[in-house]
Amino acid sequence: YPTTSPAARKILHDAWGYTSFRAEQEAVIARLLHGGSAVAVFPTGAGKSLLYQVAALGFGSGVTVVVSPLIALIKDQVQDLQRRGIGAAAVDSTMEREEVRAVFERVKNDEVRLLYVSPERLNNDAFVKLLQKTTVRLIAVDEAHCVYEWGNSFRPDYLRVARFVKEIKAERVLCVTATATPEITESISTAFGVPSDGVFRTSTYRPNLQLLSESFKTSRDRFDYLVEFLNSNPGATIVYTLKRSTAEVVAGLLETAGIEAFPYHAGMDKATRNATQDRFMKSNITIVATIAFGLGINKPDIRNIIHYGPPLSIENYAQEIGRAGRDGRPSKCLILMAPTDTRTHDFLTVNPLLTPRKSGIRRLLRHIFLTHASSAPPSSTITLPLHALARVLEDATMAVTALLMKVEMECDVVKALPTVYGEVLYR
Ligand code: ADP
Ligand code: MG
């Protein structure tokens with residue numbers, strides 16, 4: 001397949017006003033335009049949406065179906081495309097029958113270049129039938145790691161995506177994600193029949209992100225530090241907590257301390273959540289949230305991502321800090337640890353509903369064993385030099401983190417998993 005495409009450049013210029021492609025974007029698009037399928041593992045903010053959007057216009061006719069996990073994200077993109085005069089539409093669970101029918105009509109008339117759907121829609125017979133009668137140029141699976149990480153517990157519908165591609169005879173497939181270990185990438189490309197030369201990766205290096213961590217003796221000290229930090233580092237901020245209750249409590253305390261902060265978690269009603277998200281998109285407030293907040297949020301000027309306690313997994317951490325500084329300006333990613341954290345994290349690690357089948361922690365530990373400790377007796381203490389740690393973390397898509405944190409890891413291999421994880425990230 002060619003790696004450049006003059007046609008794609010023209011579209012980029014005419015429809016988006018951008019002057020050039022970023023690393024690997026053009027190669028992926030050129031491949032798609034020449035009939036190939038691809039998997040793109042690019043960091044957050046790299047411009048993965050543009051891959052299927054430019055390709056969709058390049059096909060000229062027929063529809064590109066974009067499968068995306070979040071309605072908010074779908075709405076964002078459809079609005080943006082419509083503003084650019086591009087035929088885009090969505091069908092989602094919030095729509096009335098009539099609205100859906102109108103979209104179907106537009107698809108039949110070949111007026112829709114990009115059709116966004118949530119994975120649930122793939123179970124809908126009428127929808128499958130419609131697409132069987134339509135020329136589907138491309139199926140793009142956004143946040144494709146969800147196919148595997150959430151497949152069993154959260155979003156069973158994502159498992160259907162690969163079958164759906166065959167059912168509607170899509171000409172090609174593109175899976176994009178920011179978070180895929182080599183293992184997950186391999187599973188994705190196998191499931192969708194993408195050969196290895198169709199897998200594109202770019203560096204996860206984000207030089208404008210400064211990675212920091214602090215540990216505290218008491219929760220009180222930690223909170224005081226947070227207030228001080230927010231006062232001296234202005235700008236839009238997300239504070240991540242593992243528990244909904246912590247998100248509420250911390251947001252409340254911040255308000256009391258004179259900082260404009262709002263909680264966000266899946267236990268809150270939809271209207272409140274939407275209002276909070278809207279406010280965040282438009283201003284520089286602080287959101288105190290669980291992992292329910294942020295997937296696909298495209299606010300370029302988030303200045304701080306703070307983990308108030310440990311992140312759920314290495315993948316989560318990578319994804320969450322990836323939301324900072326997409327405008328390229330200096331931004332801070334800060335982990336604040338207190339002694340009470342380990343218990344929460346223990347719980348979350350063993351709770352099968354909350355943990356992806358192979359959590360980053362497990363994988364990390366296995367790596368430590370396989371690459372560095374295989375000859376050492378299990379009770380010994382091992383020391384990982386910086387470069388080794390970088391390699392370990394690279395597999396979890398996080399080489400930079402290790403380099404920037406400048407950690408020398410020293411860990412007891414028989415310590416509990418969360419503790420090992422803690423040592424790696426927080427020393
Ligand atoms: P991702 O899905 O990879 O996290 P997005 O697709 O949301 O990233 O893109 C992030 C931002 O980068 C968007 O505002 C997008 O318009 C912009 N962008 C993408 N590609 C280019 C490019 N080649 N030139 C300039 N801006 C781009
Ligand atoms: Mg995206």
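Note: hydrogens, waters and symmetry copies are ignored here, and every other heavy atom, side chains too, is used. Heads up: numbering here begins at 1 and tracks the sequence.
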How long is the span from the OG1 atom in T177 to the CG atom in D142, to the nearest 0.5 Å? 8.5 Å
Are I238 and I306 packed together at the side-chain level, in the sense that at least one heavy-atom pair is separated by less than 4.5 angstrom? no
For residues N304 and I302, determine if any side-chain heavy atom of one lies less than 4.5 Å from a side-chain heavy atom of the other. no
Verify the distance criterion only: is there a donor paired with an acceptor across the side chains of S49 and Q77 at less than 3.5 Å? yes
Are R9 and D14 ion-paired here, with the side-chain N under 4.0 Å from a carboxylate O? no
Are there more than 12 heavy atoms of other residues, nucleotides or ligands under 6.0 Å from atom CD of E99? yes
Is the shortest side-chain heavy-atom distance between V288 and F262 below 4.5 Å? no
Is any side-chain heavy atom of L130 less than 4.5 Å from a side-chain heavy atom of K108? yes
Are any non-hydrogen side-chain atoms of L226 and Y308 less than 4.5 angstrom apart? yes
Assess whether side chain to side chain contact (heavy atoms under 4.5 Å, CB included) is satisfied between E186 and T190, documenting all intermediate values. CA-CA 6 Å; E186 170 92 38; T190 306; 3.9 Å; yes
How many angstroms lie between CD in Q25 and CG in L50, if you round to the nearest 0.5 Å? 5.0 Å
With the threshold set at 4.0 Å, does a side-chain nitrogen-carboxylate oxygen contact exist between D80 and R84? yes
Within 45 degrees of the ring normal and closer than 6.0 Å to the centroid, is that where the cationic atom of R201 sits relative to F42? no
Pairing of K299 and D301 as salt bridge, 4.0 angstrom limit: yes
Does some side-chain heavy atom of V199 sit less than 4.5 Å from a side-chain heavy atom of T185? yes
Show your reasoning for whether side chain to side chain contact (heavy atoms under 4.5 Å, CB included) applies to I139 and V67. CA-CA 7 Å; I139 299 248; V67 182; 4.3 Å; yes
Using salt bridge (charged side-chain N to carboxylate O under 4.0 Å, His left out), reason through D224 and R222 one step at a time and then give a plain yes or no. CA-CA 5 Å; D224 291 345; R222 171 165 64 180; over 6 Å; no
Locate the shortest heavy-atom distance separating T290 from A266; write the atom from each residue and the value. OG1-N, 4.3 Å
Rounded to the nearest 0.5 Å, what separates atom CG in L12 from atom OG in S20? 7.5 Å
Heavy-atom side-chain contact between L115 and F127 under 4.5 Å: yes
Supply the atom-to-atom distance E26 CD to R31 CZ, rounded to the nearest 0.5 angstrom. 15.0 Å
Do F293 and F280 pass the ring-ring contact (aromatic ring centres under 6.0 Å, His included) test, and can you show the C-alpha distance, the side-chain angles, and the key distance before you say yes or no? CA-CA 11 Å; F293 187 72; F280 181 70; 5.4 Å; yes
If we ignore angles and hydrogens, is there a donor and acceptor under 3.5 Å between the side chains of R172 and S37? no
Atom pair OG/OH of S68 and Y52 - distance to nearest 0.5 Å: 6.0 Å
Charged N-O contact under 4.0 Å between D269 and R273: no
Rounded distance [0.5 Å steps], CD1 in I285 versus CG in L254: 12.0 Å
Which is it for T64 and F59 under the side chain to side chain contact (heavy atoms under 4.5 Å, CB included) test, yes or no, and what are the steps along the way? CA-CA 9 Å; T64 288; F59 300 135; 3.7 Å; yes
